[in-house]
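The structure appears right after this line, and notes come after that.
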There are 2 protein chains.
Amino acid sequence: MAKASSTGVRPTIRMVAELAGVSTATVSYVLSGRRGDGGPGVSDPTAEKVKAAAERLGYRPNQAARAIRTGRTNTVILSLTMLSDPWSLSVIEAVQKAAVPQGVTPMILGDADWVKVLGTHNADAVFVDAVRPDQREALRKLAEHGTTLVVFDEEVQADGFDVIRSIAGPGCRMAVEHLLHGHRRIACLTPATAAGTSGGTRYRAYSDALAAAKIQERDDYVGLFDGTSAGAYAAATRLLSLPDRPTAIYATTDYAAVSAINAAQRLGLAVGTDVDIIGVGNTVEGERMSPSLSTVGPVDFFDKLARLLLRRATGHPAPESPGVLDFPWHLFVRESAPHRSAATKLY
Amino acid sequence: MAKASSTGVRPTIRMVAELAGVSTATVSYVLSGRRGDGGPGVSDPTAEKVKAAAERLGYRPNQAARAIRTGRTNTVILSLTMLSDPWSLSVIEAVQKAAVPQGVTPMILGDADWVKVLGTHNADAVFVDAVRPDQREALRKLAEHGTTLVVFDEEVQADGFDVIRSIAGPGCRMAVEHLLHGHRRIACLTPATAAGTSGGTRYRAYSDALAAAKIQERDDYVGLFDGTSAGAYAAATRLLSLPDRPTAIYATTDYAAVSAINAAQRLGLAVGTDVDIIGVGNTVEGERMSPSLSTVGPVDFFDKLARLLLRRATGHPAPESPGVLDFPWHLFVRESAPHRSAATKLY
DNA sequence: CTGTTAGCGCTTTCAC
DNA sequence: GTGAAAGCGCTAACAG
């Protein structure tokens, strides 16, 4: 059998045109699917011929050549620092869902060093999930010279690009205050690295809320762990095995809260009855589990982020001018820490 | 202060040439760093002028335009199906380490639908970590028409591209047999989903090895968990709390083994003395922890994979013809399950 | 409806 | 040592 194309060379639009006996322009029209649209119409028979030829040669459009002409790459870049973090996976999932129907391909950049890469690689829009202070200037320059940016950072100034913010402090405070309605013996489950980081903010919310409620903070009610799920499970087990165990646990991340729920159940405690557990982050895992996890977090964060990024990438619809997008946090009261009335208070 | 370039348009090589008062060719020579090489020499003063102009304008080379001319994108694509899997992260890490020094940027494709994307997006080489049967034909076609592929799959035929294999069965058998040298009461810690998957292979190695050693398999020695670290921790705790607890645990993944070590230590058992624990996968986490994890796995897998991919991408050195790369598995005897002599046997 | 033609930004001979 | 010019694969005016 004679294969038309086992040469290993990549067929071009010209080869297709020759095989189909038409001009390259016609091929372009057919293959970029711009018939009937604003572009010129192409008769059905010619279109068929072209498609057959393309198929036969195994033609695939050269994205680079197309990009140079149209200025669009049909690509968005996601620069994600902590790929192992479920947060990153949520970003990817949401962007994927929004991008694919629009014909846009999300490419993930695992390296933290986005500055060098974005210098040469082009995309219709770029999401950056963390900016070190020494990268701020580069950011400004990129934006100034035509790179479309959406940046997730609490501190950086919006300056020709979009900035997404999501302030944790007040939200975390709400979580602890929710527990304070029914509890006095409230423990905190938090990674040991939470010294000065965002975890620090989350721990501080616990301290402050207890202080405001005139409750003395107890050392043995602070469950530090190593950042892993297994570590959180162990720390939660320790907390719940104390002689006067806490009746509620405030976990500074949802995954830690999930581990705490597992630990409680393993100890025979009914979560939402014997002990209340609340998390931080509003991840989908928490929402889907049983008992469902009470938590605080931004509303609809990933979807909104994805939609913004795609609006920027496609320039459609309504490309409003870039600015700061501040995400309000909400309290999601679910089964693991329900509302406590006077009758169901645990003190 | 007059900025040269706050227009928002992306500067081209021509603008740089004009500003520097030289030709575009000269700019190209200077900026693609081909002075002194085979390319024509450029005098130092001109080179300086050009660099200054480029800097002033914030010039960044257009990768697409370069790609169209040179046929190289300086990019490798990693198509990874399960981004949340530590295995994927290891791939990324290894490729990153190999690629960046060579000026190659790894781009990650989180979508499982690589067929459509690779149809249009070009890279110097592509790694694909899973091939569904219905994707095999597409794979062959891509390779035939010039896409450089490295595929990880146990079944697919190498046909114009590289295939990497890593057969788990015999390696897992070695792990269990290692434990059999010093133990009779050996438990198995494995995710519940391990019915017919690769986890199935790993569980079968346990069954078979016990059978071969004429040891009756016990239901209560099979610790099923939900796939999470916390779940593994809980299951291991249950195993080690049995009246006649096992003296050794064979965990079908390294991360489960790590959780088991944590659980054992929490119960006051000395790992490597009171109880031996072995994993599967040979991940870096296991190697680095304390006590270091005994495990089985392919040797140097990620680095070799990364090196192959980059050899394919750069065509240098020695672009040998594509074929099948079979990874032998080794037993890594470390602290968590040391060699047992007759004197230290636990039966 | 279809073909001709002029580039997009860049690299790369080949003259000077 | 430097510049003129051709052309990579493709799209988009504009003719016909």
Side-chain angles (χ1 to χ4, degrees), chain A residues 9-51 53-54 57-74 119-122 124 145-146, chain B residues 9-51 53-54 57-74 119-122 124 145-146:
Chain A
V9 293
R10 194 164 166 167
T12 73
I13 205 176
R14 187 138 58 216
M15 300 180 198
V16 177
E18 268 165 27
L19 182 60
V22 297
S23 78
T24 61
T26 305
V27 175
S28 176
Y29 286 134
V30 174
L31 265 37
S32 31
R34 296 185 32 273
R35 313 205 291 135
D37 187 22
V42 175
S43 72
D44 277 350
T46 357
E48 279 318 310
K49 266 197 306 193
V50 170
K51 280 191 204 146
L57 292 176
Y59 171 80
R60 293 173 296 122
N62 182 326
Q63 180 63 227
R66 182 174 283 180
I68 206 184
R69 207 52 251 262
T70 61
R72 289 208 45 210
T73 60
N74 297 317
T120 58
H121 288 266
N122 329 64
D124 296 343
H145 299 306
Chain B
V9 293
R10 192 162 168 168
T12 73
I13 207 177
R14 185 137 61 214
M15 300 181 198
V16 177
E18 267 166 28
L19 183 59
V22 298
S23 79
T24 61
T26 306
V27 174
S28 176
Y29 285 136
V30 174
L31 265 38
S32 29
R34 294 186 35 274
R35 310 208 291 136
D37 187 22
V42 175
S43 71
D44 277 351
T46 0
E48 279 318 310
K49 267 195 306 190
V50 170
K51 281 191 202 145
L57 292 176
Y59 171 79
R60 293 173 295 121
N62 183 327
Q63 179 63 227
R66 182 174 286 180
I68 206 184
R69 209 47 254 263
T70 61
R72 291 209 41 209
T73 60
N74 297 316
T120 58
H121 289 266
N122 327 68
D124 296 342
H145 299 305

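Residue numbers begin at 1 in each chain, while the letters A, B, ... track the order of the sequences. Remember, it's a predicted structure, so these values are computed and weren't measured experimentally.
Of the candidate nucleotides dT11(C), dG9(D), dG3(C), dT11(C) has the atom lying nearest to any side-chain atom of Ser32(B). Out of dT4(C), dA5(D), dC10(C), the shortest distance to the side chain of Ser23(A) is found at dT4(C). In the set dT5(C), dT12(C), dC10(C), dT5(C) carries the atom at the smallest distance from any side-chain atom of Thr24(A).
Here Arg60(B) pairs with Thr147(A) under the side chain to side chain donor-acceptor pair (under 3.5 Å) rule; sequence neighbours left out. Annotation: side chain to side chain contact (heavy atoms under 4.5 Å, CB included) contacts of Asn62(A) (sequence neighbours excluded): Ala64(A), Ala65(A), Asn122(B). Scanning for side chain to side chain contact (heavy atoms under 4.5 Å, CB included) contacts around Arg69(A) gives an empty result, with sequence neighbours left out. Applying the side chain to side chain contact (heavy atoms under 4.5 Å, CB included) criterion to Thr12(A), with sequence neighbours excluded, gives Arg14(A), Met15(A).
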Only distances under 3.5 Å count here; give the side-chain donor-acceptor pairs of residues 16-26 of chain A to other protein atoms, sequence neighbours excluded, each with its distance to 0.1 Å.
unit_1, atom_1, unit_2, atom_2, d
Ser23(A), OG, Ala25(A), N, 3.3
Ser23(A), OG, Thr26(A), N, 3.3
Ser23(A), OG, Thr26(A), OG1, 3.2

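Rounded to whole angstrom, the span from the CD1 atom of Ile13(A) across to the C1' atom of dC8(D) amounts to 13 Å. Spacing between atom NZ of Lys49(A) and atom C1' of dG3(C) amounts to 13 Å, rounded to whole angstrom units. Note: CG (Leu31(B)) to P (dC10(C)) measures 9 Å, nearest angstrom. Taking atom CD on Glu48(B) and atom P on dT2(D), their separation rounds to 12 Å, with Å as the unit. The nearest whole Å value for the distance from the CZ atom in Arg14(A) to the P atom in dG3(C) is 15 Å. Arg72(A) places its CZ atom 23 Å from the P atom of dG9(D), with the value rounded to the nearest Å. Between the OH atom of Tyr29(A) and the P atom of dA12(D) there is a distance of 8 Å, rounded to whole Å. For the pair Glu18(B) CD and dG9(C) P, the interatomic distance rounds to 12 Å; values are reported in whole Å.
Taking only side-chain nitrogens and oxygens, Thr26(A) comes nearer than 4.0 Å to OP1 or OP2 of dG3(C). Look at Ser28(B) and you'll find a side-chain N or O under 4.0 angstrom from OP1 or OP2 of dT11(C). Remark: Thr46(A) is in phosphate contact with dT2(C), judged by side-chain N or O atoms under 4.0 Å from OP1 or OP2.
Expressed to the nearest 0.5 Å, how far NE2 of His145(B) lies from CZ of Arg10(A) amounts to 10.0 Å.
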Practice prompt. Evaluate side-chain contact (heavy atoms from CB on, under 4.5 Å) for Tyr59(B) paired with Leu31(B), printing each intermediate quantity in order.
Written response: CA-CA 10 Å; Tyr59(B) 171 79; Leu31(B) 265 38; 3.4 Å; yes

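For DNA chain D, the neighbouring residues in residues 59-69 of chain A, judged by any heavy atom under 4.0 Å, are Tyr59(A), Pro61(A), Asn62(A), Ala65(A), Arg66(A), Ile68(A), Arg69(A).
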